[in-house]
Amino acid sequence: MASSTTTLPATQPTPTDRMQQPSRRKFLKNSTGLLLGAMVPGPVKHFWRAPAATLTVHLNQPLGEISPLIYGQFIEHLGRAIYGGIYDDRKHRFRPDVLEKVRGLRPPLLRYPGGTVTKIYHWKDGVGKHRPVRKNLIWGGLDNNHVGTDEFMQYCQQLGAAPFLTVNMSTGTAEEAAEWVEYCNGMGTYYATQRQKNGHAAPYQVQYWGLGNEEAAREDAGTLQNPQDYIKKAWYYAKLMKLQDPSIKLIMVGDKPDWNQQILQELHPICDYLSLHLYASSKPGDPASLFTSIAAMEASIKVTAAQIKAYAPATVETFSKWYRFPPRQQPVKIAIDEWGIWEAGGRGAYNLEMDYTWNHALGVAAFLNVFQRHAAVIGLATWAQTVNVLAPIMTDDTTSICQTIYYPLALYRKLCGPTSVAVTLAGAEQLDVAASTDGKTLTLAIVQPSAQGVDIRLDAPTTGSWTAHELTAPSLESMNTLQTPGTNVVSYQQRTLPPGTTTYTVAGHSIVLLQAALR
Ligand code: AHR
């Protein structure tokens, strides 16, 4: 059995690379040693062995194309997410150590500026020379607006990520939102010229625009809690924004099924994506309850998928030419534009700075399996958030670390294929599995949230040897912390199984991506 190094991949191909070069599958070693910290070999836990289970891949049952955009990230003007997180306000620059770690996630999409802060955010405060200091009325503290639209675009460019902006439907106006589209995407007109004067000649071509954020929330500083109010205002915003740039894609706010039904019924001709926010959590002292919570999220995706089928035709047949812009061109998809794990007892602003354990990392992998199973209807997803707030990356003034959850986020992005295929598992109910392919390689994603090792018989149309990419940690409670930045509790191992191997043992509390060439 060939066994390789225990370093984690520091650099992943972009989703485009992955689709164009499906056979490039070599890990690149971390050149600085900083990104991943010291690795410790992970113990393989076999408390008791369950009887062999059978995993069967149904290659003739594709479940849909996995959008590369499901691996997006989200940053908000909230606490230490931007100032003290991605940006060093004393040095007036993006923190290079943090940028390097965010790059390791290779996000294809970055959502900004909120979140709830969208409801009080005015984009004109964040461009040009005059940057007013404002109270962050939503999350507390001050926003000096040193990071605004142009800086955000620069960050996206440095990451190779497409920008995704959310517009203010509460204290803002439709005209202000349309002017933002003009600033970002226009040429020759007033706000486009302002962008040029600010040093950015070429349009940013921002495609993804969220109309508001969680508008149903009564506690927030919005007024659109009645879905019909949202619908009326969303039409107005969409018209003005689309008249600036008819090619933009709109993400409409979703909520509970009743809200979603009304949105789909009324807005479907212009709704490219319906948004869902999915935050899983566990009950105190019951790590397994995290997976019950994730199962509930999967149930809500299923309900929303069924609603999209029922209320939104795949194509828009009638649309008045007097709108002066085209209707939606593709079937409505779900935008999971906030997803993550939100536990009680964090630190910082609104207790949103979380310590993520290895159990949470197992949860992230299970969540990503959910996205693969529902690939047909999920158009994009952005993990909430990126640095310090509900985040895979944590910082203090001088140091930054990757939390446990960083590693499944990075590994799935690197290895999973672009097409989801059906897979069934008999005899091991506790395991979570998903399968994907690029037409040449099959990738099985397996999560074992329980302690026992399980022997799995692999019934798959593959040839040659399997390669196993295994992530483990010493215990469910293991964490990476800023106090011990040189220690990484997460262990990665890549092993090539002997030719002809058809049974694989999944270790307890582990995440495994198994790959083999298709026959
Ligand atoms: O991600 C933190 C907050 O969670 C966002 O601002 C809001 O949209 C959600 O409720």
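All ligand and atom numbering here is 1-based and tracks the order in the structure.
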Leu352 contact mode with ligand 1 (heavy-atom cut-off under 4.0 Å): neither
Structural part of Val389 in contact with ligand 1, heavy atom criterion under 4.0 angstrom: neither
Nearest neighbour in protein (non-hydrogen) for atom 8 (O) of ligand 1: Glu338 OE2, 2.7 Å
Residues Glu266, Lys232: salt bridge by 4.0 Å N-O rule: no
Shortest protein heavy-atom distance from atom 2 (C) of ligand 1, along with the residue and atom involved: Gln385 NE2, 3.5 Å
Enumerated ligand 1 atoms positioned under 4.0 Å from heavy atoms of Glu76: 5 (C), 6 (O)
Ligand-residue contact atoms, ligand 1 with Thr116, heavy atoms, under 4.0 Å: 5 (C), 6 (O), 7 (C), 8 (O)
Within 45° cone and under 6.0 Å: Arg413 NZ/CZ vs Tyr71 ring: no
Residues which pass side chain to side chain contact (heavy atoms under 4.5 Å, CB included) with Lys91, listed by chain and number, not counting sequence neighbours: Asp88, Arg93
Nearest heavy-atom neighbours spanning Ile341 and Leu390: O-CD2, 3.8 Å
Spacing of CD belonging to Glu65 relative to CD1 belonging to Ile378, to within rounding of 0.5 Å: 14.0 Å
Salt-bridge present (Lys283, Glu343; N to O < 4.0 Å): no
N/O separation below 3.5 Å, Trp342 to ligand 1: no
Top protein contact for atom 10 (O) of ligand 1, by heavy-atom distance: Glu214 OE1, 2.8 Å
Distance-only N or O hit between ligand 1 and Tyr279, under 3.5 Å: yes
Residues Arg373, Asp432: salt bridge by 4.0 Å N-O rule: yes
Location of contacts on Trp383 toward ligand 1, heavy atoms closer than 4.0 Å: neither
